[in-house]
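Report on the structure given below.
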2 protein chains.
Amino acid sequence: MARPPRFDTDQLLDAAVRQAAASGPAGVTMSAVAKDVGAPSGSVYHRFPGRSALLAEVWLRTVERFQEGYFTALESDADARRAGRAAARHVVSWSRAHPAEAALLLYGAEDFGRADWSEEHLHRADRGSRRVRAALASLAAALGAEGPRATECVALALIDLPLSLVRRHLRAGTPLPAHAEDLAEECTTALLSSLPGRTASPSKAPATG
Amino acid sequence: MARPPRFDTDQLLDAAVRQAAASGPAGVTMSAVAKDVGAPSGSVYHRFPGRSALLAEVWLRTVERFQEGYFTALESDADARRAGRAAARHVVSWSRAHPAEAALLLYGAEDFGRADWSEEHLHRADRGSRRVRAALASLAAALGAEGPRATECVALALIDLPLSLVRRHLRAGTPLPAHAEDLAEECTTALLSSLPGRTASPSKAPATG
DNA sequence: ACAATATTAGAGAGCATCCTCTAGAACAGG
DNA sequence: CCTGTTCTAGAGGATGCTCTCTAATATTGT
């Protein structure tokens, strides 16, 4: 007993992603999103209580969609080194498959107005980052390297480094080259092989790389 | 035969840097800068023809100040590997010494309205990036690795990776830890040691690439 | 002292955006 | 058909920002 929606939430968020990729988080205005899908601004406000909510949702949806495959890759292999390589590849290939959403990932939650988010949105964000931190720490432990410094190095290898590669090309406007996944994997391998405190020795499995 | 300025260019640019570090490039508004130094908006427009010019100047001044020391580090040593390590350290230590300006470096020229820049500003920007590309390519060649892929890997090792380290802490709001320079150097060393096509050998040697 | 000039000072027009508000349209169920 | 709910539709106020314009002011050289 209700009128079916002409513009649903995902449709609006898709438009928000396009805007963010094109003009940055600041370009995600309620009117820009409305115009993008051909809706009046009232329809956008019907779905989201305000701009902060829209920004939070578009950021969280993107991050969660990315993390979905990322965790799968991270847990794809019992060997920590191989799992790390798979994760690095995933960052690049996911970005290749979803360039607009990848452009979003290059920003941070602060750029999407985290300061104005609701409790619930903050909670969702925290949940995600805690999960990432835990996975990275456990992978570092599996590699035999513990402590915050090792975890930081693993984070650099498995997240920041592949993202840098993507950022470089998105900023330049050039498409990701075909060998980008290989390059990311190689670089990650190199970093993991020189973890502080260790040089190279498997956790439970043999194999170096 | 002229009245001395109460608010000079550098003072206004310093305020712009503070604003950009605090609220991103979008937060650099003419009125925010004016209020920051306690000047009326007219004084800001007396120095800069418009917002695009202010954004261009603050971006270029920051990049050029950074590059000044960066190139010195890159050319500090005839051995390419040592020079690369010095460059990576410089990225981190400069960011530690100039946190607000480092926050700016984490953005890109596009975020500072490059699309609206004057010919001259575009020229200054191009000049800088050409010089960086040249230095990286020459360092890659000195390492015996040629081709765009090797250059890209060197860029990752000498720029993006140390910047990622800085970004991680600036985003989190935590200060750069004392060992950050060491960590950057180690990671860069690891990457340089595994350049595509090579593994390890001195500077002028034949090359595979 | 006087003229010339660079600069401050700030009001206000023009514009875009965020958000509110009211009116009505489309559809499911009785 | 009729009722109730969800949603579209878009006008309009409030706010904030860019930029212009006029007038006043401080300083130097003569």
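Letters A, B, ... are given to chains in the order of the sequence lines, protein chains preceding strands, and every chain is numbered from 1.
Rounded to whole Å, atom C1' of D:dA9 lies 14 Å from atom CZ of A:R47. In this structure, A:R51 places its CZ atom 14 Å from P of D:dG16, rounding to the nearest Å. One can place CE of A:M30 at 19 Å from P of D:dT15, the figure rounded to the nearest angstrom. In this structure, CG of A:L12 is placed 12 Å from C1' of D:dC7, rounded to the nearest angstrom. Between the C1' atom of C:dA26 and the CG atom of A:D8 lies a distance of 17 Å, rounded to the nearest Å. The CG-C1' distance, from B:L54 to D:dC17, rounds to 14 Å in whole Å.
Note on B:T29: every side-chain N or O is 4.0 Å or more away from OP1 and OP2 of D:dG16. Here A:S43 reaches the OP1 or OP2 of D:dT8: one of its side-chain N or O atoms lies under 4.0 Å away. When the side-chain nitrogen and oxygen atoms of B:R6 are compared with OP1 and OP2 of D:dT25, none of them lie within a distance under 4.0 Å. Not one side-chain nitrogen or oxygen of B:S41 sits closer than 4.0 Å to the OP1 or OP2 atom of C:dG10.
Remark: B:R51 does not engage B:D116 in a salt bridge, criterion side-chain N to carboxylate O under 4.0 Å.
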- Give the C-alpha distance, both sets of side-chain angles, the deciding distance and a yes or no for side chain to side chain contact (heavy atoms under 4.5 Å, CB included) between B:R124 and B:E57. CA-CA 10 Å; B:R124 259 172 80 187; B:E57 291 281 352; 3.5 Å; yes
- Given side chain to side chain donor-acceptor pair (under 3.5 Å), test B:H179 with B:E186 step by step and report yes or no. CA-CA 11 Å; B:H179 62 68; B:E186 278 168 28; over 6 Å; no
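Residue B:P40 is classed as a base contact, given a heavy-atom separation below 4.0 Å to a base.
The side chain of A:P5 approaches D:dC7 more closely than any other nucleotide in the set C:dC18, D:dC19, D:dC7. Minimum atom distance to the side chain of A:F7 is reached by D:dT8, of the listed D:dT8, D:dT18, C:dA11. Set against D:dT20, D:dT8, C:dC19, the side chain of B:Y45 has D:dT20 as its closest nucleotide.
In this structure, B:R131 satisfies the cation-pi test against B:F71, with its NZ or CZ atom closer than 6.0 Å to the six-membered ring centre and inside 45 degrees of the ring normal.
When the nearest nucleotides of DNA chain D are assigned to A:H46 and A:G42 by heavy-atom distance, the more 5′-ward of the two goes with A:H46. The residue among B:S31 and B:P4 whose nearest nucleotide of DNA chain D is located toward the 5' end is B:S31.
Relative ring orientation between A:H90 and A:F66 is described as tilted, the plane-to-plane angle lying within the 30° to 60° band.
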